[in-house]
There are 2 protein chains.
Amino acid sequence: MQMVRRAAYGVRPVTSIDDSDPLFIQSIGRAAQVMAVFHDAAKPLTLNEIATRCGIGKSAVQRVVHTLRHLGYVERAEDDRGYVPGIRFLDNTLDYLRLNPLIARASPVLLELRRNVRERVDLSLRDGLRLVYASRLQSKRETFFATLVGQSVPVYCTSGGMAVMAHLDDDEVDDIIERSDRVPITPRTITEPDAIRRQVCQARDNGYALALEQVLVGEVAIGVAILGHGGRPLGAIHVAGSLAEWEADVFCKRFAPLAVEAAGAISRL
Amino acid sequence: MQMVRRAAYGVRPVTSIDDSDPLFIQSIGRAAQVMAVFHDAAKPLTLNEIATRCGIGKSAVQRVVHTLRHLGYVERAEDDRGYVPGIRFLDNTLDYLRLNPLIARASPVLLELRRNVRERVDLSLRDGLRLVYASRLQSKRETFFATLVGQSVPVYCTSGGMAVMAHLDDDEVDDIIERSDRVPITPRTITEPDAIRRQVCQARDNGYALALEQVLVGEVAIGVAILGHGGRPLGAIHVAGSLAEWEADVFCKRFAPLAVEAAGAISRL
DNA sequence: ACGAGCGTATCGCATAGCGATATCAATACT
DNA sequence: AGTATTGATATCGCTATGCGATACGCTCGT
């Protein structure tokens, strides 16, 4: 399996700081911008790097970082060179997960599913053009990134995303396809609009979606949508395995029904 | 096993908003205060609840929440009543985990450890008086809370905490004991300073710490410190099992050496 | 049908945050 | 070793900005 290069796909850039909105507090927007800079950072960043990368004056960054540091949202790097995000974010993430009723009720279902399939089981939630992994249960052998909560993948080309799109109107699907920047992640990533639409249709027929090496080379994944109020898809369950161990159709026959059942148990129409 | 009641133990309250610090940006502090309100919330909160709970004017809260909402750090609750933390925090948590070299290099080691022990394996990082779980690998049967990244436990009474304290000076240990509010979490939680000190001494001798039902009834846990620059303990590895399955000393004999080895592989003196 | 409570909007004033600049410390370079 | 470069910290005046107080419309619950 090949390492995923980027930290996250389609991470929404900080919602454009809206100057016209009189309610929007600029300082908080700045803080968010500063934190967002780390989304595509591979190492700790200095004040100047932060300043240039987000087009804010150095003084402002100085005070923002100072403040965030006091609050625990930014830390100095291990070797005292530059800054990294702080541990305090984990507290807020915990609150997010705790207070999300979907995740709470999904948890036992996922654990049960995991017990039965003995492959990787994930729960992702939709956020615009991407699915964000909110809960991950590892299989025996895993990579570092496959254990990380917060990882996100595009809707338009992944098993979960297909499953989600299967429950959206055609024009919503088209909208997603159009607005996504469809750069192939693996050689087999589907980027053609028509091919995507065909996959979506197939997912509508089956009640689940199958994806081959869309994000990770050598990976086969099944996605099933989780539905909320009025049948709107909120996210998806994924079961993922290795093509080295499984024939795609065997994988599918064996695990799709279980995944569908699990997703049904979590959905609340 | 008994459900953990509080969301997190010893979560540091938002570092007192320092009025005297001229560099501190008040608005960001307010935003942090607002987010911190969710730490001890069991349900979505309304604007008024947030306002009263953090002693800020209603108008301020209104704008802060409005802003945070635009940024994705706050969402409306599922049923459109009240607010909850937003999914955007997952992005920052991911950056935190990604950019933390300790976690990155720990990951394969933990997976290997997990493979060998087949019990729950956790990695926690120290943040003041608490250990925050940063990486969690589940065993077969788990509770919801045992899967959550961001959960935190007190240093003074847990296996990981004992292991950490074993690498601190006596006065630092005393300081931790003193500053912790030592409310028993289970009936067997050790809260007596002398008893704690004895446990720490034992951990010093053994190179690991054993904890029985300190946080969860029916749980046995081994903690081993992870050391950084100059031997300072940065966090700990935990191996946790059920007393229904294991005799404490058997558990210990069997897994302690493996945990110690793993911790050694992660440490960087 | 009515009231309580929640979210939204407006506006003037005072303050809080930004830009520009300077200083000190530590690392990189020759 | 001496210097140049880059990073972090500090200061200060001006103006934009965020807060308080208040008022309005809306949806629930009884």
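Every chain is numbered from 1 and lettered A, B, ... according to where its sequence line falls, protein lines coming before strand lines. Just so you know, these numbers come straight off a predicted model, no measurement behind them.
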message: Nearest whole Å is fine: how far is dT27(C) P from Asp79(A) CG?
response: 11 Å

task: For DNA chain C, determine which residues of residues 43-57 of chain B have any heavy atom closer than 4.0 angstrom to one of its atoms, and list them numerically.
output: Thr46(B), Leu47(B), Asn48(B)

Residues, nucleotides or ligands: over 12 heavy atoms within 6.0 Å of Glu172(A) CD: yes

query: Expressed in angstrom and rounded to an integer, what is the separation of Phe24(B) atom CZ from dC18(C) atom C1'?
result: 17 Å

- request: Answer yes or no: is there a side-chain heavy-atom contact under 4.5 Å between Asp175(A) and Arg179(A)?
  value: yes

Side chain of Gln62(B) (C-beta onward), nearest among dA8(D), dA9(C), dC19(D): dA9(C)

query: Would you say dT22(D) has OP1 or OP2 under 4.0 Å from some side-chain N or O of Ser59(B)?
result: no

field: d(CZ, Arg76(B); P, dC26(D)) in whole Å
entry: 16 Å

field: Rounded distance (Å) that lies between atom P of dA8(D) and atom CG of Leu23(B)
entry: 14 Å

field: Whole-Å distance separating the CD atom of Gln26(A) from the C1' atom of dT17(D)
entry: 8 Å

field: Candidate nucleotides dC19(D), dC18(C), dA9(C), ranked by approach to the side chain of Ala60(A) - the nearest
entry: dC18(C)

query: Sub-3.5 Å donor-acceptor pair from the side chain of Arg136(B) to the main-chain atoms of Asp122(B), do we have one?
result: no

- request: Let me know the distance between CD1 of Ile25(B) and P of dG19(C), rounded to the nearest Å.
  value: 10 Å

- prompt: Within the distance-only criterion (no hydrogens, no angle test), does the side chain of Arg98(A) pair as donor or acceptor with the backbone N or O of Ala41(B) below 3.5 angstrom?
  reply: yes

query: Can you say whether the rings of Tyr133(A) and His238(A) are parallel (under 30°), tilted (30 to 60°) or perpendicular (over 60°)?
result: tilted

query: Whole Å only: how far is the NZ atom of Lys58(B) from the P atom of dG7(C)?
result: 8 Å

task: Ignoring backbone atoms, establish whether Arg63(B) has a side-chain N or O less than 4.0 Å from OP1 or OP2 of dG20(D).
output: no

- prompt: How are the rings of Phe89(B) and Phe89(A) set to each other: parallel, tilted or perpendicular (split at 30° and 60°)?
  reply: tilted

query: Would one find a side-chain N or O of Arg81(B) under 4.0 angstrom from OP1 or OP2 of dT27(D)?
result: no

field: Side-chain donor/acceptor of Arg126(B) to backbone N/O of Gly128(B), under 3.5 Å
entry: yes

message: Rounded to whole Å, how long is the line connecting atom CD1 of Ile28(A) with atom P of dT17(D)?
response: 14 Å

field: Residue Tyr83(A), side-chain atoms from C-beta onward, closest of dT8(C), dT9(D), dC18(C)
entry: dT9(D)

dG17(C) phosphate, OP1 or OP2, under 4.0 Å from Arg30(A) side-chain N/O: no

